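Predicted, not measured: the structure shown is a model, and the values here were computed from it. Positions are given from 1, in the same order as the sequence printed here.
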Amino acid sequence: MNFRIAILICFLASARCSMLAASDVPQPVVPAQHLEQLRTHCQSCHSEEAAEAGFRVDDLPLEIDSLPVAQRWQKILNALNSGEMPPAGEPNLDAAAKANLLDDLAHTMVVARKSLSDQNGQITLRRLNRREYRNSLRELLGVEINVNDLPSDAGSGRFDTVGANLFMSGPQFEQYLALGREALDEAFEWHAAAAVEKKLHFEGEEITPKVEKFIERQLDAQQRARQWTQLVDAAVALPENAAIVEEIRKGPLGNHRHIFYRSWRKFPNVPAPETFGFKTEEDNADKAVTALSPFHLPYHRYYLEQPAVDRGAYLAIPNEHPAELDNATVNLLIPFDWPSGNYVVRLQVAITEHATPDRRFIEFGIDPRIEQPISAHEVTGTIDSPQLIEFPLTITRGNRERANRSMFLREIGTRDHYPHTLRIADAERRANNNIGRTFALWVDWMEIERVPNSRLPVPPGMSALTPVLVDDKTPVSASEVRPAIERFAVEAFRGVEPAPDYIDRLVSIYDEQRQAGIKQSDALKETLAIVLSSPQFLYLGEPQNADGRRKLCGQELACRLSFFLWSAPPDAELRGLAKSEELLQPEILRAQTERLLNDPRAFGFIKSFADQWLGLERLDFFQVNLERHPRFTNMTRLNARQEIYETIKHLFANNAPLSDLLMADYVIVNALMANYYGIEGVHGDEFRKVPVPADSPRGGLLGMAAVHLMGGNGDNSSPVERGAWVLRKLLHDPPPPAPANVPQLARLAGKALTTRERLIAHQDAPQCNSCHRKIDPIGFGLENFDGVGAWRTEDFYQVIKDNGQPDPQGRITWTIDPSSKLYHGPEFKDFFELRELIAAHRDDFVQGYSEALIEFGLGRPAGFSDQPLIDSMVQHARENRYAVRDFVHTLIQSQEFQSK
């Protein structure tokens with residue numbers, strides 16, 4: 001089989017696209033005054049006459065136009081940052097002058113790296129990235145599969161579309177073959193079950209008898225435990241056992257209140273706890289002692305006292321082991337014989353009088369054991385008038401195990417982190433007369449229903465196979481197989497017809513498998529899996545023209561457009577316009593760009609672009625300290641990320657100004673995020689535009705919790721992380737990489753200092769000051785946001801001793817001072833003035849956004865040779881209030897986008 005596959009895999013020549021016309025590329029130049037400084041301090045040891053270590057400064061060029069010159073300047077930067085130069089005994093550079101030299105040289109080296117790596121418009125042949133591969137299978141077959149085991153798409157560029165990162169080794173074709181077969185198995189199952197209808201319903205009050213029965217077991221165990229312990233107590237009280245008692249008391253646990261029960265074997269005639277029904281693999285005496293005082297018994301009785309346990313279920317805080325009693329969740333197992341497909345989940349729920357604003361959300365997920373749910377839903381109904389919530393759920397062959405077929409409902413945040421759950425339970429037990437947490441949510445019922453897909457459009461790949469998609473008992477003629485395979489290959493190859501001999505070999509493989517006794521459906525899937533692992537499917541092919549640069553043909557342009565805006569192959573309409581070459585007309589191309597942006601599939605572009613442009617992967621770097629930030633639940637994190645996606649989606653839907661991301665008089669939030677921000681009057685799970693007053697810190701990226709969570713470690717805020725992020729993403733002025741061997745902030749961990757004092761102390765070293773003087777002022781202006789983006793006016797620092805315990809003398813609290821002064825810029829007194837200063841730099845912001853779009857859309861880093869295109873994108877958008885779609889239109893209409 002491997003030999004046959006190898007025959008079908010086409011030879012892939014390493015290909016490079018022709019170079020685009022480049023404008024004059026500006027070269028990075030070191031300011032002359034810095035070279036004079038170096039000559040003054042270094043030339044005596046590093047000149048033609050005395051070149052220690054073979055290094056000279058007397059002949060250093062100011063213009064960094066080659067790798068050897070860049071390497072020489074990098075050595076100087078490293079030596080100054082590490083403190084190696086000037087050497088001991090030699091006069092040091094003036095601190096301020098050294099900071100300026102390091103700042104200018106570090107930034108010049110950044111420009112040099114960009115200049116020397118400029119591809120001058122080259123676009124590298126590349127494979128589909130994981131998103132594009134998954135989406136291509138979805139568009140072809142109508143199914144989603146897990147592609148996380150495929151090779152990483154990360155690499156030298158900022159985006160997963162950069163061709164230099166998207167290569168493939170031989171063994172990976174076998175991996176794609178297996179995934180192709182998995183996708184076909186899924187698609188064939190969906191097709192066979194197209195008309196299947198299923199429905200399962202669960203009434204919440206079914207939990208009540210379980211609680212009643214559990215209480216009965218607790219009381220019975222308590223009675224048996226009392227009988228046994230009374231016998232032990234009687235034995236302890238007997239005078240003839242005094243010596244035994246004395247011996248036990250002298251033991252290591254002699255003062256433990258239950259030590260006599262654990263030592264029951266030492267007393268004559270005391271029966272074993274097993275005789276009273278306590279039989280476990282653990283110490284059965286401990287089991288009996290535990291039964292004496294069932295800790296959660298008052299809570300279970302409290303549950304039965306609630307007014308609507310006969311009509312539904314109240315969601316409790318986790319208490320007993322779920323295998324014993326789980327009234328903290330409502331669970332529903334999807335039957336194992338139910339097929340893959342699209343389902344609808346419905347629940348009828350209500351809040352109680354104990355539902356505070358933070359407790360009015362119910363979580364839904366798969367596998368009750370995991371901490372991360374899938375979604376959260378606001379509950380506004382009452383027990384007398386419950387609320388119906390409905391949402392879709394897709395079940396695939398990946399949901400075959402019991403764990404990932406078990407749906408659950410629970411109160412938000414109650415199982416995010418076990419220690420946090422215990423803290424909640426303990427605090428609220430004490431607040432409720434030591435009974436247990438009050439009940440905020442009530443579930444009337446829950447159900448799941450399979451939605452037949454027989455009336456939905458058939459995916460093109462499956463439509464191509466229609467004549468041969470029959471059960472294995474119905475024979476398929478050879479005259480039907482070949483056309484079906486050919487039609488499927490054309491769809492898989494995005495409209496490009498394969499060579500006849502390629503189809504001949506596929507048919508031959510199918511025939512050989514049938515002759516070997518393999519069922520016709522399996523033979524067909526094995527054959528089609530080869531199509532899905534072939535280069536024509538896995539690679540975005542744009543053949544190079546031997547004469548140099550050329551215009552893309554209609555089919556190539558259609559693919560580049562759809563993979564840019566949908567991360568998926570072109571649909572039938574786009575392919576039709578490509579085949580007729582109408583797509584090459586500017587007005588038709590513009591109309592198709594609008595159509596693609598208006599399609600729901602464009603949300604995939606928004607998410608993937610935003611993730612990589614804004615660096616949202618940092619949201620997954622750390623666990624939030626829930627003891628310090630209890631309101632920032634796992635679902636808050638998920639919705640905070642979604643807020644960024646939905647805000648950018650709003651901009652594209654309304655062609656709104658890109659500058660709204662810098663400052664806006666509105667937010668795009670749902671009820672959960674509005675509650676987190678303290679914005680009243682917002683209900684429902686849908687994100688929508690909500691106005692905010694002028695004095696609100698919300699509105700724009702700098703008001704979003706996700707941005708501030710990235711600017712910290714899940715516990716404390718970090719002015720350095722936040723300032724650097726603003727410079728990189730909003731001001732298009734990225735700080736250079738941190739040099740090696742610089743003093744670490746951790747060296748100040750044992751001192752009770754404010755955040756500002758800590759960072760100012762860090763700036764004492766010139767190699768630190770050169771970057772921090774630009775970064776830190778911005779970070780200080782954002783300090784009113786805590787580590788998870790909530791507004792605050794005070795902060796504290798706690799010194800931790802070597803034993804891991806807090807130092808009582810090492811705690812400091814202070815009122816936050818957000819005032820500062822931008823480096824070489826104006827002063828600001830608070831966050832609001834800082835936000836206005838940043839918003840005034842919108843041209844810098846849109847420049848960075850344009851570069852990001854170019855890299856994402858063309859699959860290569862934006863270089864100096866792209867500056868005319870960038871200028872054109874910015875200029876066209878400026879004429880229309882920086883409308884977000886204008887940037888996309890200008891890029892797509894450009895020669896760079898339409899050329900190879």
Just so I know, are the side chains of [X] and [Y] near enough to count as touching, which here means a heavy-atom distance under 4.5 Å?
X: N784; Y: P697; value: no
X: I838; Y: L731; value: yes
X: F845; Y: L661; value: yes
X: V788; Y: Y676; value: yes
X: F828; Y: F780; value: no
X: H300; Y: L325; value: yes
X: Q218; Y: E320; value: yes
X: Q372; Y: L638; value: yes

Testing the basics here: between [X] and [Y], what is the closest heavy-atom pair and its distance to 0.1 Å?
X: R792; Y: I816; result: NE-CD1, 3.3 Å
X: Q612; Y: K729; result: O-NZ, 4.2 Å
X: P373; Y: R410; result: CD-NH2, 3.9 Å
X: I366; Y: F408; result: N-CE2, 3.5 Å
X: M635; Y: A376; result: CE-N, 3.4 Å
X: H824; Y: K821; result: N-NZ, 4.3 Å

Do [Y] and [X] meet the salt-bridge criterion of a basic N to acidic O distance under 4.0 Å?
X: R415; Y: E363; answer: no
X: D611; Y: K607; answer: no
X: R628; Y: D795; answer: yes

Does the pair T352 and Q306 meet the rule for a side chain to side chain contact (heavy atoms under 4.5 Å, CB included), with working shown?
-> CA-CA 10 Å; T352 74; Q306 302 307 303; over 6 Å; no

How about [X]: does its [atom1] atom have over 12 heavy atoms from other parts shown lying under 6.0 Å from it?
X: E627; atom1: CD; value: no
X: N434; atom1: CG; value: yes
X: K829; atom1: NZ; value: no
X: R359; atom1: CZ; value: yes
X: D620; atom1: CG; value: yes

Any side-chain to backbone donor/acceptor pair from [X] onto [Y]? Under 3.5 Å, distance only.
X: S696; Y: R698; value: yes
X: N433; Y: I435; value: no
X: R360; Y: A440; value: no
X: E757; Y: T754; value: yes
X: D830; Y: E833; value: yes
X: D786; Y: A790; value: yes
X: H650; Y: R688; value: no
X: T421; Y: T414; value: yes
X: Y677; Y: A705; value: yes
X: N670; Y: E686; value: no

[atom1]-[atom2] distance between [X] and [Y], expressed to the nearest 0.5 angstrom:
X: L619; Y: I644; atom1: CG; atom2: CD1; result: 6.5 Å
X: E411; Y: I351; atom1: CD; atom2: CD1; result: 11.5 Å
X: L672; Y: E643; atom1: CG; atom2: CD; result: 11.0 Å
X: L614; Y: R728; atom1: CG; atom2: CZ; result: 11.0 Å
X: D358; Y: R631; atom1: CG; atom2: CZ; result: 4.0 Å
X: Q798; Y: T813; atom1: CD; atom2: OG1; result: 9.0 Å

Examine [X] relative to [Y] and say whether NZ or CZ is less than 6.0 Å from the centre of the six-membered ring and inside a 45° cone about the ring axis.
X: R722; Y: F785; result: no
X: R429; Y: Y299; result: no
X: K689; Y: Y666; result: yes

Taking the six-membered ring where the residue is Trp, are the ring centres of F796 and W814 under 6.0 Å apart?
-> no

Just do the side chain to side chain contact (heavy atoms under 4.5 Å, CB included) check on Y302 and N432 with the steps written out, would you?
-> CA-CA 11 Å; Y302 177 64; N432 190 26; 3.6 Å; yes

Which residue, V330, L315, V379, forms the side-chain contact (heavy atoms from CB on, under 4.5 Å) with V349?
-> V379

Under the criterion side-chain contact (heavy atoms from CB on, under 4.5 Å), which of V707, L702, I778 is the partner of L730?
-> L702

May I have the step-by-step check of side chain to side chain contact (heavy atoms under 4.5 Å, CB included) for I317 and E428, ending in yes or no?
-> CA-CA 10 Å; I317 193 80; E428 301 231 6; over 6 Å; no

Hey, can you tell me if H258 and H256 have their rings parallel, tilted or perpendicular (30° and 60° cut-offs)?
-> tilted

Aromatic ring pairing Y303/F439, orientation class (parallel under 30°, perpendicular over 60°, tilted between) | perpendicular

For the pair V624 and L709, evaluate side chain to side chain contact (heavy atoms under 4.5 Å, CB included) and give the outcome as yes or no after the intermediate values.
-> CA-CA 9 Å; V624 169; L709 174 61; 3.9 Å; yes

Verdict with reasoning, Y645 to F687, per ring-ring contact (aromatic ring centres under 6.0 Å, His included) = CA-CA 10 Å; Y645 300 151; F687 282 80; 9.7 Å; no

